[in-house]
Amino acid sequence: MNPGTLCRDHEEKLCWGLNPLKYSTVVLDLDGTLLNSNKEVSKRNLDAVLSCYLKGMRIIFATARPPRAVNWFLPHELLDIGAFVYYNGAQVICKETKIEINESIPANVTTEILDYCLKCNPEIELTMEVRDEWFSLRELDYITSMNTRSNPIVKPLNELKQYDATKILLSGNNDSSGLLKKFEGKVNILITDNHQLIQIMPLLASKELAIAKLCELYHVELDSVIVFGDDHNDVGLFKKAGYAIAMGNAIEELKEIADEITANNDENGVAVSLERFCGSRRLFELQDGAKSFG
């Protein structure tokens, strides 16, 4: 399927349904979606998002990343207009409604997870996020290996066990089957980044639940939400949103349930689709094309 192509069952939405009056909100994933491979927002993507905002559409950024990383990567124009879903839904901040929602893993469950992971692999690469602070059991050079702007703060195991964790991260090629079975019903576990990252989050933390809470605050329906994404942590939201757009670089599972597949994140895929909502030349071309079939 070529970039920008709609799934066959949803062609009618392109011709007649995609307009700012029908859709109230745009939800944007960051890595692999709005951000290119250099972790930058292109000018074309920036202009498209701002244009939708100026047309009256709400903008929500929904990411696995913590607040500090979002502040690093997004230009101030976007930081000023958006609501934010961090940690795959474990933290939600909306300046418009002055609402902050936080979910966490209880300290007793955090302890169980740490003990289990270390028993399975004493050298496991484990880090923990707690309300925008990043901790680890040993020194890790993520500035070099992962292009971050800081490294986690080293803490002793007994101290980590005392925290209500926002998220626990296991990096590398780890077996997730035992973890999934042991902690089913206690936490929400996602495997992302080509199976190189296990994200352990609070049971009630997910992008779809966070967006549903924001929609309730805004008094809008999920059917009026457009969502962009590329990885496993977007699947639940794709199933709930009114219109789901998978990036050209998205996993196959996401493409299979998408309403549309756009260009990849290095080819301004977000803008390619959003420009249809913003009164751009592309919108008029699509409208003229639709009329020609009449």
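Since the model is a prediction, treat every value here as computed from it, not as a measurement. The analysis underlying the following values was restricted to heavy atoms, covering all of them including side chains, and did not include hydrogens, waters or symmetry mates.
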### Task
Take Q199 and N88 through the test side chain to side chain contact (heavy atoms under 4.5 Å, CB included) and record every step on the way to the result.
CA-CA 9 Å; Q199 304 186 46; N88 288 322; 2.7 Å; yes
### Task
List the steps, then state whether ring-ring contact (aromatic ring centres under 6.0 Å, His included) holds for Y116 with F183.
CA-CA 10 Å; Y116 176 82; F183 293 100; 5.8 Å; yes
### Message
With side-chain hydrogen bond (donor to acceptor under 3.5 Å, both in side chains) as the criterion, how do W134 and S150 come out once you've worked through the C-alpha distance, each side chain's angles and the decisive distance to 0.1 Å?
### Response
CA-CA 9 Å; W134 193 20; S150 65; over 6 Å; no
### Full working for side chain to side chain contact (heavy atoms under 4.5 Å, CB included) between Q91 and I93
CA-CA 7 Å; Q91 185 176 40; I93 296 178; 4.2 Å; yes
### Task
Tell me, with the steps shown, if D266 and S37 meet side-chain hydrogen bond (donor to acceptor under 3.5 Å, both in side chains).
CA-CA 6 Å; D266 286 324; S37 296; 2.6 Å; yes
### Message
If you apply the rule salt bridge (charged side-chain N to carboxylate O under 4.0 Å, His left out), what do you find for E260 with R276, and how did you get there?
### Response
CA-CA 13 Å; E260 177 182 341; R276 294 204 302 274; 2.5 Å; yes
### Query
Taking it one step at a time, do V70 and L79 satisfy side chain to side chain contact (heavy atoms under 4.5 Å, CB included)?
CA-CA 8 Å; V70 175; L79 292 172; 4.2 Å; yes
### Task
Give the intermediate values and the outcome of side chain to side chain contact (heavy atoms under 4.5 Å, CB included) for residues D230 and I251.
CA-CA 6 Å; D230 74 303; I251 59 171; over 6 Å; no
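Cluster membership check: L203 does not share its hydrophobic cluster with M128, using side-chain heavy-atom separations under 4.5 Å among Ile, Leu, Val, Met, Phe, Trp and Tyr. By the rule that hydrophobic residues join a cluster once side-chain heavy atoms approach within less than 4.5 Å of another member, I200 and L190 end up as members of separate clusters. A continuous path of hydrophobic side-chain contacts links V92 to Y218 [ILVMFWY only; heavy atoms under 4.5 Å]. Two different hydrophobic clusters hold L204 and V187 under the rule that ILVMFWY side chains link at heavy-atom gaps under 4.5 Å. One hydrophobic cluster, built from ILVMFWY side chains closer than 4.5 Å, holds both Y86 and L34.
At least one donor-acceptor pair under 3.5 Å links the side chain of D259 to the backbone N or O of A244. Judged by distance alone, with hydrogens and angles left aside, the side-chain atoms of T166 form a donor-acceptor pair with the main-chain N or O of R131 at under 3.5 Å. Looking only at distances, no side-chain donor or acceptor of T33 sits under 3.5 Å from a matching main-chain atom of F228. The main-chain N or O of S104 is never found under 3.5 Å from a side-chain atom of K167 such that the two would form a donor-acceptor pair. For N249 (side chain) and N264 (main-chain N/O), no donor-acceptor pair under 3.5 Å exists by modelled atom type. D132 contributes a side-chain N or O that, together with a main-chain N or O of R68, makes up a donor-acceptor pair within less than 3.5 Å. Panel note: side chain N268, backbone A271; no donor-acceptor pair is recorded below 3.5 Å. Judged by distance alone, the side chain of N36 and the main-chain N or O of K39 form a donor-acceptor pair under 3.5 Å. At distances below 3.5 Å, not a single donor-acceptor pair connects side-chain atoms of K95 with backbone N or O atoms of G82. Formation of a donor-acceptor pair under 3.5 Å by the R58 side chain with backbone atoms of V26 is not found in this model.
Taking 4.5 Å as the limit, some side-chain heavy atom of I124 sits within range of a side-chain heavy atom of L170. Side-chain contact between M201 and Y87 is absent, with no heavy atoms from C-beta onward closer than 4.5 Å. For the pair L214/I99, no side-chain contact is recorded, criterion being any heavy-atom separation below 4.5 Å from C-beta on. Here the side chains of F238 and E208 are not in contact, with every heavy-atom distance at 4.5 Å or above. L274 is listed as a side-chain neighbour of V49, based on a closest heavy-atom distance under 4.5 Å. Within the 4.5 Å cutoff, no side-chain heavy atoms of V85 are placed close to those of F61. In this structure, the side chains of I198 and I189 come closer than 4.5 Å at one or more pairs of heavy atoms. The closest side-chain heavy-atom distance from L140 to T127 is below 4.5 Å.
Checked for salt-bridge contact, D223 and K22 miss the test: no charged N lies under 4.0 Å from a carboxylate O. Salt-bridge annotation for E275 and R44: present, with a side-chain N of the basic residue lying under 4.0 Å from a carboxylate O of the acidic one. Using a 4.0 Å cut-off between charged side-chain N and carboxylate O, K186 and E112 make a salt bridge. Remark: K119 does not engage D115 in a salt bridge, criterion side-chain N to carboxylate O under 4.0 Å. Using a 4.0 Å cut-off between charged nitrogen and carboxylate oxygen, E103 and K213 count as a salt-bridge pair.
The minimum heavy-atom distance linking R65 with T63 is given by the pair N-OG1, 3.0 Å. Here the closest heavy-atom approach between residue K155 and residue L160 is recorded as CB-CD2, 3.7 Å. Minimum heavy-atom separation, V225 to C215: CG2-SG, 3.6 Å. Among all heavy-atom pairs drawn from D193 and D231, the shortest one is N-OD2, 3.3 Å.
With rounding to the nearest 0.5 angstrom, the CD1 atom of I60 is 11.5 Å from the NZ atom of K207. For the atom pair CG of D234 and NZ of K239, the computed distance is 12.5 Å after rounding to the nearest 0.5 Å. One distance of note links CG of N45 with CG of L28; it measures 8.5 Å at 0.5 Å rounding. Rounding to the nearest 0.5 Å places CD1 of I113 at 4.0 Å from CD1 of I168. In this structure, CD in E125 is found 10.0 Å from CG in L197, a value given to the nearest 0.5 Å. Note that CD1 of I211 and OG1 of T25 are 8.5 Å apart. Values are rounded to the nearest 0.5 Å.
Relative orientation of the F135 and Y163 rings is parallel, given thresholds of 30° and 60° on the angle between their planes.
Judged by distance alone, the side chains of N265 and E267 never bring a donor and an acceptor atom under 3.5 Å apart. Looking only at atom types and distance, the side chain of Q196 has no donor-acceptor partner in the side chain of S171 under 3.5 Å away. Between the side chains of S273 and T262, at least one donor N or O sits under 3.5 Å from an acceptor N or O.
By the 6.0 Å contact criterion, CD on E123 is open, its count of non-hydrogen atoms from other residues, nucleotides or ligands being 12 or less. A 6.0 Å sphere centred on CD of E221 holds no more than 12 heavy atoms belonging to other residues, nucleotides or ligands. Annotation: E216, atom CD; neighbour count of heavy atoms from other residues, nucleotides and ligands within 6.0 Å does not exceed 12.
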